[in-house]
Amino acid sequence: YDKSLNADPGQIALAIRRANLLDTMGRSPESASSLNTYARLFPENIEILLAQANWLNRHDRADEARELIAKILSKDSANLEALAMMIQLAARGRTILPYVKKMVEIGALPEKQYEIGQILWKYDLLSMEGVEPLLQYVKDVLQQSPEDRVVGLYERLRPLAEPVKEVFSG
């Protein structure tokens with residue numbers, strides 16, 4: 001990572017992966033320092049801001065993470081990653097409905113349905129309280145989408161009709 005970043009420091013995705021790896025290895029201060037350096041070098045880069053917000057959230061600094069995500073959403077109110085993170089963070093005692101409604105609004109665009117499905121899956125948003133508009137959205141997409149890949153993804157998102165029974169052979 002370091003050699004590649006020294007040769008070309010503009011590799012944002014690589015810098016974020018490096019910071020996440022450092023954090024996973026228990027080198028959180030070094031991870032934060034790396035993200036902060038990149039945030040100073042690329043202050044308008046949304047990917048860096050999202051990575052910082054994720055780092056803050058993982059380290060129980062939700063208020064600071066919310067501030068960063070609010071900054072992202074002020075620049076790009078349709079950023080699905082930021083909306084998903086805000087829904088997760090807002091679920092800790094704040095209202096999530098404005099963010100849920102915004103996601104449903106974006107989902108009205110057929111070209112965004114697959115991406116939203118991926119976000120719903122990645123962030124496990126449908127398991128949270130207060131996301132009823134998203135549950136209805138999933139049902140609507142399943143009934144209306146002509147795209148097989150969208151329907152396949154949304155089938156996995158649909159709530160189960162029956163409890164899961166696991167059979168273990170012994």
Side-chain angles (χ1 to χ4, degrees), residues 1-131 133-135 137-138 141 150 153 157:
Y1 287 101
D2 292 334
K3 283 183 182 181
S4 184
L5 287 170
N6 287 336
D8 181 8
Q11 299 178 81
I12 302 296
L14 185 63
I16 291 170
R17 281 198 305 270
R18 179 185 176 276
N20 288 337
L21 180 61
L22 289 169
D23 199 36
T24 301
M25 292 170 39
R27 295 166 57 186
S28 296
E30 191 176 345
S31 172
S33 176
S34 177
L35 288 173
N36 291 337
T37 298
Y38 269 81
R40 283 190 301 278
L41 292 172
F42 305 97
E44 300 300 314
N45 187 287
I46 289 179
E47 296 305 314
I48 293 290
L49 294 174
L50 283 169
Q52 285 184 302
N54 270 314
W55 189 95
L56 290 165
N57 188 36
R58 284 193 310 269
H59 292 273
D60 298 321
R61 295 168 61 181
D63 289 338
E64 293 169 88
R66 266 190 288 279
E67 287 176 24
L68 275 180
I69 296 167
K71 181 178 177 180
I72 294 167
L73 290 172
S74 73
K75 294 175 185 192
D76 178 8
S77 65
N79 185 297
L80 294 174
E81 291 278 342
L83 283 169
M85 288 177 65
M86 193 61 101
I87 289 169
Q88 283 187 326
L89 289 167
R92 298 181 191 170
R94 291 180 171 69
T95 181
I96 64 173
L97 196 55
Y99 308 108
V100 168
K101 285 183 176 181
K102 182 65 177 178
M103 192 169 283
V104 170
E105 177 187 317
I106 295 166
L109 302 169
E111 64 270 16
K112 290 291 190 179
Q113 290 175 343
Y114 192 78
E115 186 179 357
I116 287 178
Q118 291 177 313
I119 292 288
L120 293 174
W121 181 268
K122 176 181 176 180
Y123 287 93
D124 195 23
L125 296 180
L126 299 177
S127 67
M128 300 170 59
E129 289 185 34
V131 296
L134 285 173
L135 291 168
Y137 168 77
V138 168
V141 169
V150 171
L153 174 59
L157 296 172

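Quick note: residue numbers are just sequence positions, from 1. We use all heavy atoms of the structure for the numbers below, so side chains are in, but hydrogens, waters and symmetry mates are not.
- Ile46 CD1 to Leu68 CG: the interatomic distance, rounded to the nearest 0.5 Å, is 11.5 Å.
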Problem - Intermediate values then yes/no, side-chain contact (heavy atoms from CB on, under 4.5 Å), Asn79 and Leu50 - result: CA-CA 10 Å; Asn79 185 297; Leu50 283 169; 4.2 Å; yes

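- Minimum interatomic distance between Ile106 and Ser77 (heavy atoms only, all atoms of both residues): CD1-O, 4.3 Å.
- With values rounded to the nearest 0.5 angstrom, Ile72 atom CD1 is found 12.5 Å from Glu67 atom CD.
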Under 3.5 Å, which donor-acceptor pairs do the side chains of residues 98-105 form with other protein atoms, sequence neighbours left out?
| residue | atom | partner | partner atom | Å |
| --- | --- | --- | --- | --- |
| Lys102 | NZ | Glu105 | OE2 | 3.4 |

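- Nearest heavy atom pair, residue Met85 against residue Ala53, reads CE-CB, 3.6 Å.
- Pairing each heavy atom of Ile69 with each of Ala82, the nearest pair is CG2-O, 3.3 Å.
- Residue Pro43 comes nearest to Leu49 through the heavy atom pair O-CD1, 4.3 Å, listed as atom of the first residue, atom of the second, then distance.
- Here the closest heavy-atom approach between residue Thr95 and residue Ala90 is recorded as O-CB, 3.6 Å.
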Practice task
Take Ile87 and Tyr123 through the test side-chain contact (heavy atoms from CB on, under 4.5 Å) and record every step on the way to the result.
Solution key: CA-CA 9 Å; Ile87 289 169; Tyr123 287 93; over 6 Å; no

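- Residues Ala15 and Ser34 come closest through the heavy atom pair O-OG, 4.5 Å.
- Remark: the backbone N or O of Asn20 is paired with a side-chain donor or acceptor of Thr24 at under 3.5 angstrom.
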Practice task
Show your reasoning for whether side-chain contact (heavy atoms from CB on, under 4.5 Å) applies to Asn36 and Gln52.
Solution key: CA-CA 8 Å; Asn36 291 337; Gln52 285 184 302; 2.8 Å; yes

Exercise for the section: Go through the steps for Asn45 and Tyr38 under the test side-chain contact (heavy atoms from CB on, under 4.5 Å), then give the verdict. Expected result: CA-CA 9 Å; Asn45 187 287; Tyr38 269 81; over 6 Å; no

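- Note that CD1 of Ile116 and CG of Leu109 are 8.0 Å apart. Values are rounded to the nearest 0.5 Å.
- The line from CD of Glu44 to NZ of Lys75 is 3.0 Å long, rounded to the nearest 0.5 Å.
- Taken from CD1 in Ile96 to CG in Leu83, the straight-line distance is 12.0 Å, to the nearest 0.5 Å.
- Arg18 has a carboxylate O that lies under 4.0 Å from a charged side-chain N of Glu30, or vice versa, which qualifies the two as a salt bridge.
- A distance of 5.5 Å separates CG of Leu153 from OH of Tyr114, quoted to the nearest 0.5 Å.
- In this structure the side chain of Pro133 reaches within 4.5 angstrom of the side chain of Leu97, judged on heavy atoms.
- Side-chain contact, Asp124 with Gln88: no donor N or O sits under 3.5 Å from an acceptor N or O.
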